[in-house]
Participant: 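Please find one structure pasted underneath; my questions will follow.
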Amino acid sequence: MRELKLFLGPQHPGMHGNASVHMFVEGDIIVRSYLLPGMLHRGFEKGMERHSWVNNLALIPRVCVVEPDINEMAYAMGAEKLAGIEVPERAHWIRMIILELARISIHMMAYGGLGSPTGNYTLMYHAHADRNSILDIFEQISGHRIYHQYIVPGGVRKDLPVGIEKDIHAFLDDLESRYTEYRDLGIENPTLVKRIKDTIMLPESVVWELGVTGVGMRSAVNKEYDIRKVMPYALYDQVEFEVPVSDYSDARCRVDIKLKEVVQSIGIIRQCLAKMPEGPVRVPMAQGQSMRWTLPKGHVYSVVESSRGEFGYYMVSNGGTHPYRIGVRGASYPQGLLGIEKYLPGTRIDDAALWVDTMGVCSPEIDR
Amino acid sequence: MELSIEIFILATLAFGLMAYVIGRLHKQLGSIMTILGSLTIFGGIAYLGFTGGLTGETAYLTFTQFEISEFGLFFAIIVSFVFAMVSFFNPFFIKQYKYPALYSMLFMFSLAGAIGVFFSSNLLYLFFFFEFVVWTSLFLIPMGRSKKAASWYYGFSAAGSFMLLFAILMIYNANNGSFHISGIGSVTGTTQIIVFIFMSGAAFTKLGAFPLHIWLPKVLTNAPDPVSAVFSGGLEKLGAFVALLAIVNMGGIGFIIPSIDMYFGQMIIATLGALTIVFGTLMAIRQDDAKKLLAYSSMSNGGYILVGFSMLTSQGVAGGLYHIVAHAIASTAAFLAIAAVARVAGTTKMKELGGIIHKMPVTYMVYLIAIISMAGIPPMGGFISKWMIFQAVIDKGMIFIAIATVFGSIGSFLYVFRPLAALFLGQELPQFKKTVKEAPFFMLLPMIILSLLSVYTGVLPGVIIDFINKIFVDMQLNYNIVMNGFAIEGYTSGIEGVGPSLLNPLLIACVFGVGVFVAFLIFIVLKKSKKIDLMDTYTAGNFVYTEEHLHYSVDFYAPLERLYEKYIHIMKNFYKSLANKVREFGAFMKYFFFTNKPEITVFWIVALMVFLLWGDVL
Amino acid sequence: MIEILMNIGFGLGVATFGFVLQTAMGGINRKIAARLQKRRGPKWYQEFIDIFKLLSKRATSHGWIFDFGVIMALGGIIGTAMFMPITSSIVAFEGYDNFFIFVYLIAVGMLGMAMSASGSGNPLASIGVMRALTTMLAYEVPFMVVVMTIIKLTGTSSLTGIAVAQQTGDFNWFMIALPLGFIVAVMSLMGMLGKKPFETYIAPAEIASGPMVEYGGKQLGMLFIMHEITIFIEVSLFVHLFLGGAETIIMFLIKYFIVYAVLNLVSNVLGRFKIDQVVTFFFKWPLFFAVVQAMIAIHLGWVI
Amino acid sequence: MSAILLIAVPLLAAFISILVKKVSPYLLLLVSLFALVYPFFMDMSDVIIGGFDSPIGINLVVNKFALTSLIAVNGLFFLVVAVNIAQYKKLSSILLVALAGLNGLLLTGDLFNLFVFIEISGIAAYLITTTNKKPLQTFNYLVAGTVGSSLYLLGLIILYNMSGTLNMADMATFVEGNGMYTLFPFLLMFIGLGVEAKLLPFNSWVKGILGHSNNLSGAMIASVYATAIALVFGKLLAGVFQIEGTLALIIALVLGITILAGEAMAYASTKAREILLYSSIAQAGIVILLFTVGLGAWATFFAIANGVSKFILFGVVNRLTEEVGSDEMDQLKGSFVNNKLIGVSFTVAALSILGLPLFFGFVVKMNSLIGFFEPDFVSNLPGGNFIFPIIILVASVIEGVYFVKLLTKLWYKDSDVKVNFTPLFKYVVVVLAVALIVFGLFQGEVEELVASLINPGGVFIWN
């Protein structure tokens, strides 16, 4: 039986990110597949060793393009722990607002991204429009739309601009009011349900085998495993939120959980805005020139909950101005690299893009 | 000039014997005799048939009688033409056969038998020739790929011919010992129903119609490549001939179903025809072997003929007859094209082929034209016939039959395209870059003639429509197709309700030509494009050096196939289990009666006596 | 002879009209869709710009069948369009606008395109063609059953004949007379036009636009033209069959616009089926409705 | 010249051959040739033996039927002997006795005399089958045959008791008036003859004999004996027995099952000889059936055609088996590739049995079937005119499938099986095959010949 070779990416409209999935196909069933990374390989980890602790601030957001803030947070947390810096309380609240806004942004993008492989472009455009509003808010806060470099060791770069709460509230209200509309357009849409229900399964055994975390894990094993709950960072232990879980992980369930997390994030942001005290937002990282900032010798692993799961930085310092070694735990690494090789075969080419999409594969994380 | 038809039959036999004798001396010369022979026969029958020079007198074959009928002539011309065209392929394939001389002889013999069937006016000798065709063609089959196909063929053919025989004997019985062909129409009552059932059965077997179709794909796949063409284009039409005799000649059988104003018999035939179409289509879609695919398409087209006949309206019957012509031409051309490919590539499996067009463009065009005709797309012959059959079905308002015909028609796009894409188009596979080259002229010649005829029948249907009208007159049927210039206007039998609907094939062809001309102008005035090779393709930034990995040919319609793959073997399993039941019964009897124990014999003797006494005394 | 040449010229005029009309309609509807999607959308004449740009570019070709198929596709479609009546009186070849011509002659164009696409040697194109043909199998059957019902009722298979039968009051518009059939026909039309959820054979995210994947330059431009005319033919068919045709060009334009715009809007909020889902979808309810409609109309004679 | 010579000469020769062992094979050939030629010169008359007139004394009946049968059976006998005698010289005397017995069977007009000849030919047959070297099978045959002839005798005794005559013609007139009472003896006689004629429940010996047959015994039993017994059976069924009521039902059942089961068993077999033997069971069934329903004339020729074909088939297969060492179909694959002439003859014989056109089998099968459908034909078996033709046709389909399977295997496989056939055998086989074709082609002549067997009343002649 002769096989047919198909390429999903890097120029393929079904692949977001600069990676390529090579699929060997019989009829329309994938019999063999592997991820071909390297399209984006800029050596982030190695690059970090060659830049000073401060210079790295400009590099780290690029490790995951669509969701840069978690990188900043993890890096900042690690550096603070190594240097022993105490962050002011207001900075914690602001960081949580930023992170949750970013979470809404990426979840909206993922939800809209569902529209692309299934052809519902209206959903995609609407979701992107909402993401655009968040980017507007980010622009007001940090002056940047995508790579903010706003969360820095010691707090946040500067305080929130005046009146931003109103904008944020307005946006959240607006989003909340259109929540049912979104569901109807997306996961309740009968044509889409046919595509995503009972298909692209992620069974519990695979979760344990590959080490999938985040939405994938919570959707499959019915456990409230969320870093914000089990190892609270910032001030997540002071806000109340529910972690949506399920034990039947099809594509629809995972997207559903993402959408529920949007609601969850809206709640968290509201609480943050209400509880946020006045005060300083940053302590200076070091005395003197920041370029010569050194961290004491030691190593630390800092971890945050990203939209795709556990996202961590392992940072080793030898006491110099440059990091000795920084390792990144990409949240989508297990399903992205191993999952594609092992569990993409057996699905149909129709579902390949949807598989990559709903499993939450972010190629730069793999290709760092 | 006048010649008796028996001269043709004897001449064909003589050519066969000559082919054998010469074939023993030199293989190819023997097969060239088949070309000469079948061309002569075709030319003679066609020429004399059109000029009215054929007679049915018998001077040598005195035991039988012949009559020259228009429908016999119609079939004889088609079949002998198919034989003549296919015979051109014989010299190129003769070396592959185990018994080349025998092949040439049997090839001619089966033609003789077929001609005999079409002109016999004595039903018994119609059967004689019918059986003659069976066994002569039988021994052609195992020279191909599989030996098993022959016994399937014989099993079904024998069942079919014996059904025919039974019907003939019933007619004989009902007509006071007359075997004349006109007796078919004069049976009545229960006998009529029985005769109808059995004759239709015979027609179904020979035509490969559901549920008696199993042999057709097996034979057409496994027979030698030219023989497949003969079967599909020629010998299968014997079934259509019997169907014409049974279904059309006998008219409505059974009671009338009031709401659609059709006889029950018609309804059954139409339903089975529709099933044939659907089944053939579905099976053809999932075949990987190009020949098998075409085999199932033959089956499906046989269903169209049956549906057309069973409508018993002018357009229906004329559509069926026209379809016989169109399909004979197209199917022969398609089989020959595949045969030409198989000759150089050594296989007809689509998953092993690809990109043949680059070396065999003419063969490709022949195949293209053939499949356009088979799919019923203008301006080819298949369009006219399918249009007429559609119209007939609509006029009758038969929804389910209509669904089947539409399904078959659209489905044919699917399956005919598959070899086109997987076998001819796509990446040129490395193993064929050197070995494959265009077929020699004498193989191209018949294919080109067939292609031109496909176009001709699709553009100028007048000649054939006239012929069909003559058949209607000859068979004393109240049907007629009216031509208005170059357009087919409809019919004037007056019984049927729906008014005229005009179709002008010539106009369609011209307009299509204009369209293509305009498109060509647009193409030619624009900037010339740069020629790049096939590997310079959208591969998403990857370099690829393996063409064979970029050719989509395996499981072409996988998603569609998956929907019905559970149900495909129903009939085959039925026949297999039937054969197994016979075998089990035999084994049981063997075990029971032949165990070297005389006491069983004694037991039976006693049992029979008891039975006798019990029956009489008690 | 002159008359025939006149007719042919007229027919070419119809084809051109169809092209211009549909391209403009397409542009307008892109605008409408953009508004639905919170975008501004391109200018209404953007499609013209695209096509002329493509035609003017230097292209690449994968061999003679690649070009031949394109010519055959465009030629077949132009040929089909030439038979299309615009109103009941504006028709190039009067009396010859048989419904079956449209169904089958259009297939030549499809076949040409399929051939050309497969000839490009790209597997995605072949997969796209496979899907296109499978989709065709799905939507044609219910549609043809409905149309056969109409032909049986009106007694003619001529498009103008059917349109006139609705205009003169022999029948209501068939969208009213055969409500179930109308629903089926709408679904089938969506399939024909390649609107979502039956857009499976384009499916950019799965097979990178399927048949179109290898094209560029003038070949793509010509296929665009073909595509526009195809849509013109299909929507016009629908107008003539179900909306009573048109007495005047204005009416035709209005009906055409409404049909196309409504389908476009509906299509834009739906996702895309997988190919087997398309088949099962069409063979489930639409076919059932079509048969029920045919039974009611033909055997019971209940036509509103 | 008297018909008695046909019986007396072989018996005399047998006696001489015992004395002069050396010349016995030549004597056998000579006598069997004589037996073949002699019937051509015989007058048609009853021959009275022992000086008593016919109802009381024993008589030999020479009529067209007897002549036809004699020519056919003696012809086949001669060919079998001629082909095989070199190998089986020792059997000359026995074969001579067999010849006498067979001729007697066909000629005699006396029921008890018939029993005597059954026994004579039977004993000869047992001895012939000893050449199979399967004593147990021969013993089974012996037992079955003896039981059969005893039953025949029993039936005959009862009949004699009732009617007081043993003469066939006389008996026929008696039976006509007393149909009801003769059922039981007839059944006994039917069973008795059924054993020899290979009808189904009584034929368990066939497998043992024909399944292990050799050149001589195969052809002898399957071809010569089968033809002769079938014809004799036919003579009784057409001329003496009157079949009605329950007897008709029983016979119809027996025949129907014999035909269908025979074909099914052949279909289920994989050994060439077994296929042929089961097929001959079915053929015997058909022949008896035709006689029973009153189509005797065609049945005669059916039996002859079958005998000729079976001669070729068994002869070839036995020779192949001898050479290859097995009669499994798969072992024999491709045997004809190097023996084309034999192969063609075999094919002709097989196609003739299938009843395909151009061959003798077609003529007889077709005309037999037409016989069922003659407008004035009334079947005397339950099931009407149509059931039995359907059974025959269904049987033919099954038969066709396995024969075609066999033929394609023998022809179309590459193999190096090379079997030497003696030139004489080749010659005989080819002549017979040609004869099958010739009879198949000149159907008109065959039909005339058959018509001569039927008297103006349309009834098959017996006396």
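A quick note: this is a predicted structure, and the numbers were derived from the prediction, not measured.
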Participant: Less than 4.5 Å to any heavy atom of chain B: does that hold for the side chain of D:E274, its backbone, both, or neither?
Facilitator: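 Just its side chain gets close to chain B.
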Participant: With a 4.5 Å limit on heavy-atom distance, are the side chains of D:I391 and D:I387 in contact?
Facilitator: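 In short, these two side chains touch, coming nearer than 4.5 Å.
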Participant: If we define contacts as heavy-atom pairs under 4.5 Å, which of B:F156, B:Y172, B:W152 has the most with chain D?
Facilitator: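 Greatest number of close heavy-atom pairs with chain D: B:Y172.
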Participant: Side chain from CB out, backbone as N, CA, C, O: work out which of these in D:L369 comes under 4.5 Å of a heavy atom of chain B, or both, or neither.
Facilitator: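 Contact with chain B involves both backbone and side-chain atoms of D:L369.
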Participant: Determine whether B:S157 and B:K206 make a side-chain contact, defined as any pair of heavy atoms from C-beta on separated by less than 4.5 Å.
Facilitator: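 B:S157 vs B:K206: side chains touch.
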Participant: Less than 4.5 Å to any heavy atom of chain B: does that hold for the side chain of D:I191, its backbone, both, or neither?
Facilitator: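 The answer is the side chain of D:I191.
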Participant: What part of D:Y278 gets within 4.5 angstrom of chain B, counting heavy atoms only: side chain, backbone, both, or neither?
Facilitator: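 D:Y278 touches chain B through side-chain heavy atoms alone.
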Participant: Does D:K405 pair with D:E399 as a salt bridge, N-O distance under 4.0 Å?
Facilitator: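 Result for this pair is no, no salt bridge flagged.
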Participant: Taking side chain as C-beta onward, heavy atoms only, is B:M199 less than 4.5 Å from B:L164?
Facilitator: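 The answer is yes; the side chains approach within 4.5 Å.
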Participant: Under a 4.5 Å heavy-atom cut-off, does chain B meet the side chain of D:S396, its backbone, both or neither?
Facilitator: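 Both parts, heavy atoms under 4.5 Å.
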Participant: Centroid-to-centroid, B:Y99 to D:W411, below 6.0 Å?
Facilitator: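 Yes, the ring of B:Y99 comes within the 6.0 Å limit of the ring of D:W411, centre to centre.
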Participant: Check whether any side-chain heavy atom of B:S151 sits under 4.5 Å from a side-chain heavy atom of D:Y402, and report yes or no.
Facilitator: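 No, every pair of side-chain atoms sits at 4.5 Å or beyond.
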Participant: Which atoms of B:M143 come close to chain D, meaning under 4.5 Å heavy atom to heavy atom: side chain ones, backbone ones, both, or neither?
Facilitator: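 Contact with chain D is through both the backbone and side chain of B:M143.
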Participant: Answer with side chain, backbone, both or neither: which region of B:I168 has an atom nearer than 4.5 Å to a non-hydrogen atom of chain D?
Facilitator: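 No part of B:I168 comes within 4.5 Å of chain D.
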Participant: Just by modelled atom types, is the B:L169 backbone N or O under 3.5 Å from a matching donor or acceptor in the B:N173 side chain?
Facilitator: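 Flag not set: sc B:N173 to bb B:L169 has no pair under 3.5 Å.
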Participant: Where on D:V254 is there a heavy atom nearer than 4.5 Å to chain B: the side chain, the backbone, both, or neither?
Facilitator: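 The answer is the side chain of D:V254.
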Participant: Applying side-chain contact (heavy atoms from CB on, under 4.5 Å) between B:M163 and each of B:T205, B:I197, B:V242, report the one that passes.
Facilitator: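 In the set B:T205, B:I197, B:V242, the residue that makes a side-chain contact (heavy atoms from CB on, under 4.5 Å) with B:M163 is B:T205.
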Participant: Just give me the residue among D:A264, D:S269, D:G262 that pairs up with chain B most often, heavy atom to heavy atom, under 4.5 Å.
Facilitator: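 Looking at each option in turn, the highest pair count goes to D:A264.
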Participant: Sort by residue number and list every member of residues 126-135 of chain B having a non-hydrogen atom under 4.5 Å from chain D.
Facilitator: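 B:F127, B:F128, B:E131, B:F132, B:W135, listed by number.
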Participant: Between D:V147, D:I390, D:I257, which has the largest tally of heavy atom pairs under 4.5 Å with chain B?
Facilitator: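 Result: the option with the highest number of such pairs is D:I390.
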Participant: Write down the atom of D:V397, the atom of B:G155, and the distance for their closest heavy-atom approach.
Facilitator: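 Closest heavy-atom pair between D:V397 and B:G155: CG1-O, 3.7 Å.
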Participant: Under 4.5 Å from any heavy atom of chain D, what part of B:L165 do you find: side chain, backbone, both or neither?
Facilitator: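 Looking at B:L165, just its side chain touches chain D.
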Participant: Please report the closest heavy-atom contact between B:G160 and B:A202, naming both atoms and the distance.
Facilitator: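 That closest heavy-atom pairing would be O-CB, 3.3 Å.
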Participant: Side chain from CB out, backbone as N, CA, C, O: work out which of these in B:Y153 comes under 4.5 Å of a heavy atom of chain D, or both, or neither.
Facilitator: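 Contact with chain D involves no heavy atom of B:Y153 at all.
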Participant: Side chain, backbone, both or neither: which part of B:A579 has a non-hydrogen atom closer than 4.5 Å to chain D?
Facilitator: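 Both parts, backbone and side chain.
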Participant: Taking B:F139, B:F585, B:F179 one by one, which has the highest count of heavy-atom pairs under 4.5 Å against chain D?
Facilitator: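 Of the candidates given, the most pairs with chain D belong to B:F139.
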Participant: Counting only heavy atoms closer than 4.5 Å, note whether D:I281 contacts chain B via side chain, backbone, both or neither.
Facilitator: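 Answer is side chain: those atoms of D:I281 sit under 4.5 Å from chain B.
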Participant: Tell me if the aromatic rings of B:F166 and B:F198 count as close, with their centers under 6.0 Å from one another.
Facilitator: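 Ring centres of B:F198 and B:F166 closer than 6.0 Å.
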Participant: Name every donor-acceptor pair, under 3.5 Å, that has one atom in a side chain of residues 352-362 of chain D and the other anywhere in the protein, sequence neighbours excluded.
Facilitator:
residue	atom	partner	partner atom	Å
D:S352	OG	D:G361	N	3.0

Participant: For B:Y97 together with B:Y103, are the ring centres under 6.0 Å from each other?
Facilitator: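 Judged by ring-centre distance (under 6.0 Å), B:Y103 and B:Y97 do meet the cut-off.
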Participant: For D:K409, is it the side chain, the backbone, both, or neither that has a heavy atom closer than 4.5 Å to a heavy atom of chain B?
Facilitator: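 For D:K409, no heavy atom lies under 4.5 Å from chain B.
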Participant: In this structure, is the centre-to-centre distance between the rings of D:F372 and D:F388 below 6.0 Å?
Facilitator: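 Between D:F388 and D:F372, the centre distance exceeds or equals 6.0 Å.
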